[in-house]
Each structure stands twice: as structure tokens, then as C-alpha cells.
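First comes the structure, then the notes that go with it.
Chain identifiers are assigned alphabetically (A, B, ...) following the order of the sequence lines, protein sequences preceding nucleic acid strands; residue numbering begins at 1 within each chain.
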Protein chains: 2
Amino acid sequence: MSSYHHGNLRAALLDQAITVIGNNGVESLSLRKVAKDLGVSHAAPTRHFKSKADLLTAIVKDAYLELTETILVDAENAMSDDSIVRLNLMARSTIRWALNNRAKFTVMTNPDVSRFADDELKAALGAFSQTVAEAIEKATQQGFRKTVSVPTLLLYSVGAALGAATILTDEFMQSVLGTPNNDQIIAEIANQIIPLN
Amino acid sequence: MSSYHHGNLRAALLDQAITVIGNNGVESLSLRKVAKDLGVSHAAPTRHFKSKADLLTAIVKDAYLELTETILVDAENAMSDDSIVRLNLMARSTIRWALNNRAKFTVMTNPDVSRFADDELKAALGAFSQTVAEAIEKATQQGFRKTVSVPTLLLYSVGAALGAATILTDEFMQSVLGTPNNDQIIAEIANQIIPLN
DNA sequence: CAACCGATGTTGACAATGACAACATTGGTT
DNA sequence: AACCAATGTTGTCATTGTCAACATCGGTTG
């Protein structure tokens, strides 16, 4: 029962990478250091990720799957049949998830990841997009900005939620903008994005 | 009149770095390659930027100054005395600027830059923030979401504009979200962020 | 006008890193 | 029991950021 084989290296690499990114940013991520942290040789990661970009892509793919699941569950738990309320809750849920998963979120919005996106990432982002688009569609049918197209509202609402989350997860921007830092802020921002009556 | 001294290396470094980033992303930026492109030795950049992060910080500082100037001029040129219209135009102007300056914009939203932000960057972002905050204040006085605090509206509007621009400057996200790709889209998005009557 | 000096650029060096090739070990399958 | 695909290791290479020591310039000052 030697430890020649780690047993769960792929998952461990993802976890450790996220931890490192959370502590010191994507820029500081070193595959060799991560490997060393896990007690594994410097080339071991290449068996699971053919490049550093590939590892980041995997992180983002998982992140979108997780985020999609989260907003679906949160909207469901609210048990409201008001489609506009549900859309509002999805915005709320997205921002909250970003704040609870800062490291993953910062990787998601890293433009360098998009450049190496593969089909799996495309599918994960597609599922998220689809989920929000469907919620938007129902909201428009209930009267939410009914003169505006769904793709435009999708760009608006996803963009607004991600943008607000970007500021909220960035200490520097937050300090300069003088962003309020309390529990209410997430709900308030969601209410600006998707106003309720 | 040898060419031992470049004469304008600092500005040339910034320009070339922005070009490289525009072509292949921040990740691909190599100070040594940039130096070589400019016909200068590999260590020359250190005379102007004490680190790679320092160069990126300088790019972002310039970017915020430029963006602030742009939204001020655009709002001015509109010659509308309606504060809500002016705020709407600022959102429009911000998104347009981002699309016209993709490389700079992607660096602005890079979380790794915030980590090394210096006082100059802080001042530049502060000026931008101040400019938008003043426009918001006037809009609220004219009735725009008057029950909401200015800091919250600042977070919302800046976040929404930056977030929408993030998607619009990212080909991958755009392709998956099915974002409309036409000249009208900027105005439409601005109208979602700051609705006019 | 000449000596000086701070700013700017060069050369050389080093450690860290991503990536690849060749080899080793493992556990499950046939 | 032999095999083999998956997984991990060792060794190596080019690239890179950064620093130190040295070179050259242009402007300032006596």
C-alpha cells in the first residue's frame, strides 16, 4: 500500500489550485507548487491537465455547473410562482454564490480562460445561460420588460449580476467605490437589476 | 545620436503591451518579448516598471483616466439637461469605450491587478467613481430610484455596465449566451441599466 | 566649457516555471 | 499469471521575471 498513486489526484489538484487562487490570485498559481503541496512530483499534474489553462478551464466548468445548480435550487426553495420574483432570486443567488466562492468566481471572469475554452466548458456555460434564459422568458410573459428581447435581457441580467459580483469580490474596487458592506446589499442590488413591483 | 537611449520607452512599453494583450491575452504578455519587439534589451523595462504587475497597474490607471474623460465628454456633448438621460448616456459611453478598447478593458477587470494597486491607480479609479456618483446623485434628485442610496446605485450601475461590457468583450461568452451583435445593443443595454421613461 | 551625475539602457546571471520525453509502478482485466 | 492502460517519477529544456554590476547618455552646475 505504497503511495505511488495518489488515488484522487485530479480532484485534489482542483481543490488545492482553488485554495491557492483564493489566497494569492490566479497569477500566483504554480502547478509545480501545487504538486509539491500534494506530495506529488512536479510532472504529475500533466497526467490530468495537459496545461495550466486546461486546469483553469476545468475549474470554471465545475463552477458553472455548481452555480447553475445553486440558482435552480434557491429559486425552487422560494416556492413563489411569481416568475419575476424567481428571476430576482436568481440574481440574488448568483451574487451570493460568487461571494461564497470568490476564488472560483474570479477564475470564471478571467478572459484568458475563455481563450482556451473547450466543449465541456461551453456546455456548462450553455446550461447556465439556458437556465437564466428560461427564467427570463417566463418573467417577460408575466410582463417584465415585455418590449425587450430575451437575448438582450439575458445579456443585461447576467452581465449586471456578474459585474456587481466582480466589484463585491474585489477588495480594492470595493474600498474605492465605497461599496456598502452588509448582508442587505445583495438583495438591494438584485432589486436594482430585477425590480419588483 | 546613437540609439542607446530609446527616448520614449515607457510609453512604447505600454503601447506594445496593450497590443500584445489585445492579440493574445494578458497571460501571453512577456516583458522580454515586448522589450525585443521594441529593439531594447530584456532588462530595459525594469527601469520604468519595477515588475510586470507594475506595468499592468499603469495600463489600468491610464485606462480609468481615459474612460472618465470619455464619459464626461460624451455626457457633455449630448447637451441634455435631463440628469437621468445623462446617466444613461454615461452607461452607454462606458460600454462603448470598453468595446473600443478591449485590451485595456480586460486588464481593468483582472483581479490580479487590484492586488498590486498603488495610490495612483486608487486616485484614477476614485475619479471615475466620483464622476459616476455625482451623475447618480443628480439623477436621484430628479426622481431616479429615489429610495435607494447613492452607494448602492453606484455599485449597481458601475457593476452592470462593467459586467455587460465583460460579456461583450468576450467572444466565448458572447457565442454561448447568443448575445445580439449589432450597433443597437449598446443603447439597449444602457436602457436596461438606466431605464428612461 | 568641462566635469559630473542621475536617468536610462545593457549584459550576465539565477531561480522558478510549464511542458515534454523516457521510464517506473500500479491495479484491474483477460 | 501475464498483460496493459492509467498514473506517477525523473530528467531536461526553453522561457521568463528579476536583480546586480556595468555602460552610456543628456542636462546641470561650477
Side-chain angles (χ1 to χ4, degrees), chain A residues 1-21 23-60 107 110-118 120, chain B residues 1-21 23-60 107 110-118 120:
Chain A
M1 144 81 244
S2 83
S3 60
Y4 191 95
H5 285 104
H6 180 282
N8 202 16
L9 186 53
R10 195 190 136 95
L13 286 167
L14 290 171
D15 273 0
Q16 183 63 15
I18 290 167
T19 299
V20 170
I21 291 168
N23 290 337
N24 297 303
V26 188
E27 182 83 4
S28 79
L29 181 65
S30 154
L31 293 184
R32 290 175 94 113
K33 273 183 195 150
V34 169
K36 179 172 283 186
D37 290 344
L38 297 177
V40 122
S41 82
H42 67 263
T46 66
R47 294 292 166 209
H48 301 276
F49 304 102
K50 65 181 198 295
S51 71
K52 190 176 174 177
D54 193 38
L55 183 151
L56 294 178
T57 297
I59 290 175
V60 174
V107 186
N110 187 326
D112 285 320
V113 170
S114 294
R115 178 167 272 103
F116 298 99
D118 57 12
E120 289 190 11
Chain B
M1 120 89 248
S2 81
S3 60
Y4 191 95
H5 286 104
H6 181 281
N8 203 16
L9 185 54
R10 195 190 136 94
L13 286 168
L14 290 171
D15 274 0
Q16 183 63 16
I18 290 166
T19 299
V20 170
I21 292 168
N23 290 336
N24 297 303
V26 188
E27 183 82 5
S28 79
L29 182 65
S30 154
L31 292 184
R32 291 175 96 113
K33 272 184 195 150
V34 169
K36 180 172 281 185
D37 289 345
L38 297 177
V40 122
S41 81
H42 68 263
T46 66
R47 294 294 165 207
H48 300 276
F49 305 101
K50 66 180 197 296
S51 71
K52 189 176 176 178
D54 194 38
L55 184 150
L56 295 178
T57 296
I59 289 176
V60 174
V107 186
N110 186 326
D112 286 320
V113 170
S114 294
R115 178 167 273 104
F116 299 99
D118 57 12
E120 289 191 9

Interface polar pairs with nucleotides 10-15 of chain D, N/O, under 3.5 angstrom:
{"residue": "D:dG11", "atom": "O6", "partner": "A:His42", "partner atom": "NE2", "Å": "2.7"}

Note to self: When you compare the side chain of B:Thr57 with that of B:Phe49, does any pair of heavy atoms fall below 4.5 Å?
What the structure shows: no
Margin query: From CZ of A:Phe49 over to C1' of C:dC20, roughly how many Å is that when rounded to an integer?
Written below: 18 Å
Notebook entry, point to check: Which whole-number value in Å describes the distance from B:Asn8 CG to D:dC25 C1'?
Noted result: 16 Å
Notebook entry, point to check: Looking at five pairs on each end of the helix from C:dC1-D:dG30 to C:dT30-D:dA1, what is the angle between the two axes, given to 10 degrees?
Noted result: 0°
Item checked: Beyond-backbone contact of A:Ile59 with A:Ile21, side-chain heavy atoms, under 4.5 angstrom -> yes
Next item on the list: Give A:Leu29 one of three labels, base, sugar-phosphate or nothing, depending on what nucleic acid heavy atoms sit under 4.0 Å from its own.
Entry: sugar-phosphate
Notebook entry, point to check: Can you tell me how far C1' of D:dT7 sits from CG of A:Leu38, to the nearest Å?
Noted result: 15 Å
Margin query: So, does B:His48 get its side chain near the phosphate of C:dG9, meaning an N or O under 4.0 Å from OP1 or OP2?
Written below: yes
Check: A:Ser28 and A:Asn24: which non-hydrogen atoms are nearest, and at how many Å?
Finding: OG-CB, 3.1 Å
Note to self: What is the distance, to the nearest angstrom, from the CG atom on A:Leu9 to the C1' atom on D:dT7?
What the structure shows: 9 Å
Check: For the pair made of CZ in A:Arg47 and P in C:dA21, what is the distance, rounded to whole Å?
Finding: 10 Å
Check: B:Leu55 near the nucleic acid: base, sugar-phosphate alone, or nothing, with a heavy-atom cut-off under 4.0 Å?
Finding: nothing
Checklist line | Spacing between B:Leu31 atom CG and C:dT17 atom C1', to the nearest angstrom | finding: 15 Å
Next item on the list: Could you tell me whether the side chain of A:Val34 reaches within less than 4.5 Å of the side chain of A:Leu55, counting heavy atoms only?
Entry: no
Margin query: Are the side chains of B:Leu29 and B:Leu56 in contact, using a 4.5 Å heavy-atom criterion?
Written below: yes
Check: What's the spacing between A:Leu13 CG and A:His48 NE2 if we round to 0.5 Å?
Finding: 6.5 Å
Next item on the list: Rounded to the nearest 0.5 Å, what's the gap from NZ on B:Lys52 to CD on A:Glu27? Could you check?
Entry: 5.5 Å
Check: Given atom CZ of B:Arg10 and atom P of C:dT8, what is their separation to the nearest angstrom?
Finding: 10 Å
Next item on the list: Nearest-nucleotide wise, let me know which of A:Thr46 and B:Ala53 is further upstream toward the 5' end of DNA chain D.
Entry: A:Thr46
Check: Are any non-hydrogen side-chain atoms of A:Lys33 and A:Val20 less than 4.5 angstrom apart?
Finding: no
Check: Atom NZ of B:Lys50 to atom P of D:dT18: distance rounded to whole Å?
Finding: 10 Å
Next item on the list: Drop me the distance from B:Asn110's CG to B:Arg115's CZ, to the nearest 0.5 angstrom.
Entry: 10.0 Å
